[in-house]
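Order of the sequence lines fixes the chain letters, A, B, ..., with proteins taken first and strands second; residue numbering starts at 1 for each chain. This one's a predicted model, so the numbers in the text were calculated from it and none came from an experiment.
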Amino acid sequence: MIYVKLFLSFLQVGLFSVGGGYAAMPLIQNQVVELNPWLTMQEFTDLITIAEMTPGPIAINSATFVGIRIAGILGAVVATLGCIFPSLILVSLLAYVYYRYKSLSALQSVLASLRPAVVALIASAGLSILLQVLFAGETVALEHLNAVGLALFAAALFALRKFKLNPILVMSLCGVGSLVLGVCLG
Amino acid sequence: MNKPNRKVLLQLFLSTLYISAFTFGGGFVIITFMKRKFVDALHWIDEQEMLDLAALAQSSPGAIAVNAAILVGWRVAGLAGMIVAVLGTILPPMIVLSVISLFYAAFATNRYVALVLKGMQAGVAAVILDVVLNLGSNVVRTRSVLHMLVMVCAFVATFFFGVNVMIVIFAAGALGVASALVAARRKEGVQ
């Protein structure tokens with residue numbers, strides 16, 4: 001049944017995304033593009049873009065978006081509940097341990113080893129989004145390269161690294177740039 | 001803990017709703033806003049405890065904003081507070097994304113919207129890789145050979161060999177537990 005499937009998929013996203021921020025992204029890609037035929041890579045890339053431009057955690061944004069497209073409003077509610085369910089249990093458990101022992105050092109040393117893996121997973125998901133931008137799902141070859149996409153990506157990365165511009169501003173400028181170039185170039 | 005009264009619950013709900021609706025850019029930002037509201041403005045939680053709650057929220061699996069709402073809600077008004085704070089946190093993104101997904105099909109086929117979206121995707125890729133470069137250089141700066149090895153292996157496994165991400169997280173977590181145990185034993189040996 002689709003509701004159970006949605007719930008269990010986003011339960012795994014909630015359970016295995018450690019470290020916040022983008023940590024959920026590779027897990028969402030795994031669940032909704034690779035393990036289940038719910039979104040294409042193009043739709044997933046659109047979803048991440050929308051999630052970046054709107055308030056709220058990526059995981060909650062994704063649960064709502066995927067849930068509603070697959071099974072309507074109820075699907076969105078079920079997927080979101082699945083996503084927050086592990087948090088409800090685990091955070092309460094950790095809070096209990098914290099108030100009891102006032103020490104987090106063992107937990108933090110485990111987290112320290114998880115962090116490099118999470119960075120690698122985010123890098124992997126980020127690169128697959130970049131490939132989607134540059135080659136739009138075609139094979140990676142020069143004749144399929146989207147030159148405008150490459151130019152915007154390079155300019156955006158430069159602006160972020162060199163001038164530490166606000167990410168939302170950078171994304172908006174890229175959107176405007178793409179619109180102007182697209183209309184001018186026809 | 002006192003019996004939570006309606007006024008506190010309402011204020012908790014409205015505060016988390018407001019913070020969630022206007023926070024772009026994820027977990028770390030939302031914790032700053034929560035501190036400003038619950039520590040500085042309302043004096044419900046003291047600063048040191050808020051820092052500990054933030055560390056807990058970041059250490060637990062799941063979205064940091066939701067984890068922080070669970071902890072703050074529980075701390076302020078028990079179970080009812082927890083439910084109210086979580087609802088306040090997830091309702092704004094749920095409503096916004098519901099509306100967007102209803103229009104998405106029409107949205108994505110419009111030529112001009114598609115152009116804007118395409119450009120923003122190039123920006124998103126840059127934002128993510130910028131974050132990755134920052135996080136990655138932090139890992140390199142620890143000078144831990146083990147951590148660098150984990151990072152490289154995890155990347156090669158997922159990007160080139162398509163290994164399931166949950167397996168990678170499991171393996172890294174197991175390694176973390178093992179190295180924590182080894183470190184603890186070494187410490188015992190020294191003493």
Pair count under 4.5 Å, heavy atoms only, with chain B: among A:L121, A:D46, A:V13, highest is A:D46
B:S59 and A:V18 have their tightest heavy-atom pair at O-CG1, 4.1 Å
Bottom line for A:Q29: the part with an atom under 4.5 Å from chain B's heavy atoms is neither
So CD1 of A:I60 and CE of B:M94: to nearest 0.5 Å the spacing works out to 8.0 Å
Note, A:L127 side chain near B:L129 side chain (heavy atom, < 4.5 Å)
yes
Okay, A:L81 and chain B: the region with an atom under 4.5 Å from a heavy atom over there is neither
Closest non-hydrogen atoms of A:S113 and B:G176, given as atom of the first, atom of the second and distance, are OG-CA, 3.2 Å
Cut-off 4.5 Å, heavy atoms of chain A, and the answer for B:V86 is side chain
Ranked by heavy-atom pairs below 4.5 Å to chain A, first place among B:M148, B:Q121, B:M151 goes to B:Q121
Distance col, row B:L117:CG vs A:C174:SG, nearest 0.5 angstrom, shows 12.0 Å
Rounded to the nearest 0.5 Å, the OH atom of A:Y22 sits from the CG atom of B:L135 at a distance of 10.0 Å
One option among B:S144, B:S98, B:G162, B:G136 has the most heavy-atom pairs under 4.5 Å with chain A, and it is B:S98
**Message:** Are the side chains of A:R161 and B:N134 in contact, using a 4.5 Å heavy-atom criterion?
**Reply:** yes
Chain B shares the most heavy-atom pairs under 4.5 Å, among A:T45, A:L93, A:L134, with A:T45
For a side chain to side chain contact (heavy atoms under 4.5 Å, CB included) check, start with the C-alpha distance between A:V91 and B:L56, then their side-chain angles and the critical distance, and finish with the verdict. CA-CA 8 Å; A:V91 171; B:L56 270 176; over 6 Å; no
Okay, B:V152 and chain A: the region with an atom under 4.5 Å from a heavy atom over there is neither
Quiz prompt | Over 12 non-hydrogen atoms of neighbours within 6.0 angstrom of NZ in B:K35 | solution = yes
| query | Can you tell if the side chain of A:L35 reaches within under 4.5 Å of the side chain of B:N164, non-hydrogen atoms only? | reply | yes
Bottom line for A:N30: the part with an atom under 4.5 Å from chain B's heavy atoms is side chain
| Does a sphere of radius 6.0 Å around NZ in A:K162 hold more than 12 heavy atoms from other residues, nucleotides or ligands, not counting ones at 6.0 Å or beyond? | no
Quiz item: In terms of hydrophobic clusters joined by side-chain contacts under 4.5 Å, are B:L17 and B:W74 together?
Solution: yes
On a heavy-atom basis, the closest approach of B:V116 and A:S178 is N-OG, 4.4 Å
dist B:I128:CD1 -> A:M25:CE (nearest 0.5 Å) comes out at 4.0 Å
Comparing B:A57, B:S20, B:A125 against chain A, the one with the most heavy-atom pairs below 4.5 Å turns out to be B:A125
If one checks every heavy atom of A:V77 against chain B at 4.5 Å, the contacting part turns out to be both
Whatever's closer than 4.5 Å to a heavy atom in chain B on A:T80 counts as side chain
Does the B:S101 side chain pair with the main chain of A:F65, one donor and one acceptor, at a distance under 3.5 Å? no
Residue from B:A154, B:A174, B:A178 scoring the most non-hydrogen pairs under 4.5 Å with chain A is B:A154
Check your understanding: Are B:L14 and B:V76 linked, directly or through other ILVMFWY residues, by side chains that come within less than 4.5 angstrom of each other?
Key -> yes
When the 4.5 angstrom heavy-atom criterion is applied to A:I68 and chain B, the contacting part is side chain
- request: Look at the side-chain heavy atoms of Ile, Leu, Val, Met, Phe, Trp and Tyr, link any pair under 4.5 Å apart, and say whether B:F33 and A:I168 land in one connected group.
  value: yes
Cut-off 4.5 Å, heavy atoms of chain A, and the answer for B:I169 is both
Highest number of heavy-atom pairs under 4.5 Å with chain A among B:F170, B:F159, B:F22, B:F160 belongs to B:F159
Honestly, the part of A:L179 sitting under 4.5 Å from a heavy atom of chain B is both
**Q.** Neighbour count >12 (heavy atoms, 6.0 Å) for atom CZ, A:F135
**A.** yes
So, the part of B:V177 with a heavy atom under 4.5 Å from chain A: the answer is both
_Same apolar cluster: B:M166 and B:V150, side chain cutoff 4.5 Å_ = no
Taken to the nearest 0.5 Å, the spacing of A:L157 CG from B:L133 CG works out to 6.5 Å
Between B:V168 and A:A117 the two heavy atoms that sit nearest each other are CG1-CB, 4.3 Å
Q.
Are B:V124 and A:L150 connected into the same hydrophobic cluster when the rule is that any two of I, L, V, M, F, W, Y join if their side-chain heavy atoms are below 4.5 Å apart?
A. yes
Okay, A:M53 and chain B: the region with an atom under 4.5 Å from a heavy atom over there is both
Okay, A:A95 and chain B: the region with an atom under 4.5 Å from a heavy atom over there is both
When the 4.5 angstrom heavy-atom criterion is applied to B:L53 and chain A, the contacting part is side chain
Applying a strict 4.5 Å limit to non-hydrogen atoms, the region of A:N146 in contact with chain B is side chain
From the list B:G62, B:G123, B:A63, B:A172, the residue making the most non-hydrogen contacts under 4.5 Å with chain A is B:G62
Looking only at A:A151, A:A123, A:A156, the option with the highest number of non-hydrogen pairs under 4.5 Å against chain B is A:A123
Run the side chain to side chain contact (heavy atoms under 4.5 Å, CB included) check on B:F155 and A:V119 step by step: do they pass?
CA-CA 8 Å; B:F155 179 75; A:V119 174; over 6 Å; no
Counting heavy-atom pairs under 4.5 angstrom with chain B, the leader among A:I48, A:V180, A:V176, A:N61 is A:N61
Rounded to the nearest 0.5 Å, the CD1 atom of B:I90 sits from the OG1 atom of A:T64 at a distance of 8.0 Å
Applying a strict 4.5 Å limit to non-hydrogen atoms, the region of A:P86 in contact with chain B is neither
Heavy atoms of B:A122 and A:L152 approach each other most closely as CB-CB, 3.9 Å
Answer key: most heavy-atom pairs under 4.5 Å with chain B among A:Q12, A:E34, A:M171 is A:M171
ask   = Would you say the side chain of B:I70 lies within less than 4.5 Å of the side chain of A:S87, judging by non-hydrogen atoms?
value = yes
Turns out that what part of B:S179 lies under 4.5 Å from chain A's heavy atoms comes down to side chain
Looking only at heavy atoms, the pair that brings A:L114 and B:G173 closest together is CD2-N, 3.7 Å
Pair count under 4.5 Å, heavy atoms only, with chain B: among A:A155, A:A120, A:A125, highest is A:A120
Honestly, the part of B:V139 sitting under 4.5 Å from a heavy atom of chain A is side chain
